[in-house]
Amino acid sequence: MSLEDDLLRQRAKRTRQIEALGFRPYGHRFDATHALPEVLSSYPAKTGDELAAEKIPVKIAGRVMTVRRMGKASFAHLQQNGGRLQVYVRQDAVAEADWKLWEHVDIGDIIGADGFVFRTRTGELSVHVEKLYFLSKTLLTMPEKFHGLEDVETRYRQRYLDLIASPESRQVFITRAKIISSLRRQLEAKGFVEVETPMLQAIYGGAAARPFETHHNTLDMDLFLRIAPELYLKRLVVGGLERVYEINRNFRNEGVSTHHNPEFTMLEFYQAYADYEVLMDFSAELLGQTALDATGSKVVEYDGTQLDFGNVRRYTMREAIVEFWEGDGKPTPENVADPEWLLRHSHKLTAGEALTDIFERVAEDKLIQPTIIYKYPVETSPLSKNSVDDPAFTDRFEIYAAGMEIGNAYTELNDPQEQRRRFEMQLGMRERGDDEAHQMDEDYIRALSYGMPPTAGEGIGIDRLTMLLTGSKSIRDVILFPLLRAEGEIGLAAKLRELDK
RNA sequence: GGGCGCGUAGCUCAAUUGGCAGAGCAACUGACUCUUAAUCAGUAGGUUGAAGGUUCGAUUCCUUCCGCGCUCACCA
């Protein structure tokens, strides 16, 4: 007999004892007067004497996190909504059945209480319990109270347990929600309309990535999970939704790392009649305000460095290579504009690909402070519009911080002939074995052929932005249920079946 | 996919050169009416991730597998 079986058996017995006392082990609706954080924040200025005189009644609920039993009196901490409030239960202050119930309460159970607010001798705001309710029984033990849940695998697999045991983990996801809500608020304020476009797509596109494949049975149709919503959102701009955005999941069938999860959340937005310079200004504003809304400051600490989202630097890709080059042979601005120099410093086949390659090697991981890099070579930007002053480049920028790419934006290509040529170029790359090259999307060409207003569009990686604003080193720490390999047999159902006999 | 590392009680962690698998928390029994990592006395709890191998003897050494982490490559 293992310990876990033993604990389960004890808890199952407790459940029956609680029933025998006339309580329901899994209770129903409970109308509290206060959530625990509200109790904690409502009376901080009141002294013990004032509270004793007023005897403020409250009805509260929460999960039992600690219990200190001293014979005929006990203290316990209840947890709810990230707050912990101490309750004081003494035998002579509650009914006999309530006291017996209290003796059967385990750490991890969810209970309710009527009582009044008071201060203990040490000054801690607490609730003096006068009546107890039982709301839910735990059959499994909580993580250790002092160290909490340290095992990262368990934290990812059993996020519910992590959220109970780790206030900092809870806070990450609260901040994530604030980030998304701030972005929505700002976009709405500028007249952007939120839409939802297909995640199941017969033709995928909008990014360079390998897709997940799936199949619809009754239509007998192969489908892909989208790698980006981009081409659908631009169809909507053609249709006259001149400012649209979508916040939702993309799926890319590629590597998993601390910066990559196979499903991840992107904000994409498109603004008709704008260009990438408009979006550069807007991005800087958007990031600063989001940081402020989510963390209370435009300056946040990440990995020991203060990142200032109130001051987003800007370099062209060429400038960034010159600026961040380390060691001998530092190039001049003329060098990085010289195709021969570029091809000498990269194994890539074209000057544009070489420039991107050199940029990634020289500058990318040095872009710690929030930075916009603009003017990307046309070869690596199949959906961006060429720069008027230099057709070898596109009006595109990316946003970097902490060495990570967090955003990508450009003036959209709206010439259907040019888009057709780019797709055909991509098809050529596909035939040469590039399985990340774009498919031909003829309906998208058709949409552009009806005329799309000049438009600028941008994508921001919500998971990575959340990493930056919460100080998280791994993308798995900002995704509630990151993709993991399948867990082995858990075996709990069999144990519960045994107890049910 | 490559390299490195980790996996011991429900949780957090020990275990000397290969020599009887341990502690704290949680649990159980008892004492205790202002404690807060409550305290005190006692009890119980282990397929050391799995399977093989070497050995008189394996948590420890070797092989394979499973899971996780870090890192490189690819990607956002």
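This one's a predicted model, so the numbers in the text were calculated from it and none came from an experiment. Just so it is clear: chains get the letters A, B, ... in the order the sequence lines come, proteins before strands, and each one is counted from 1.
When the side-chain nitrogen and oxygen atoms of A/R119 are compared with OP1 and OP2 of B/C34, none of them lie within a distance under 4.0 Å. Of the side-chain N and O atoms in A/R69, none sit less than 4.0 angstrom from OP1 or OP2 of B/C32. Remark: A/R476 is in phosphate contact with B/G69, judged by side-chain N or O atoms under 4.0 Å from OP1 or OP2.
Under the 3.5 Å distance criterion, with hydrogens and angles disregarded, a donor-acceptor pair is assigned to the side chains of A/S182 and A/Q186. Side-chain contact of A/T466 with A/R176: a donor-acceptor pair under 3.5 Å is absent, judged by distance alone.
The separation between A/H147 atom NE2 and B/A14 atom C1' is 13 Å, rounded to whole Å.
Checking B/G24, B/G69, B/C74 against the side-chain heavy atoms of A/L484 singles out B/G69 as nearest. In this structure, the nucleotide among B/U35, B/C13, B/C70 sitting nearest to the side chain of A/E150 is B/C13.
A donor-acceptor contact under 3.5 Å is formed by the side chain of A/D92 with the base of B/U33. Between the side chain of A/E124 and the base of B/U35, no donor-acceptor pair under 3.5 Å is found.
Between A/E487 and A/E360, the residue anchored closer to the 5' end of RNA chain B is A/E487, taking for each the nucleotide with the nearest heavy atom.
A pairwise comparison of heavy atoms in A/E153 and A/L484 identifies O-CD1, 4.4 Å as the closest pair.
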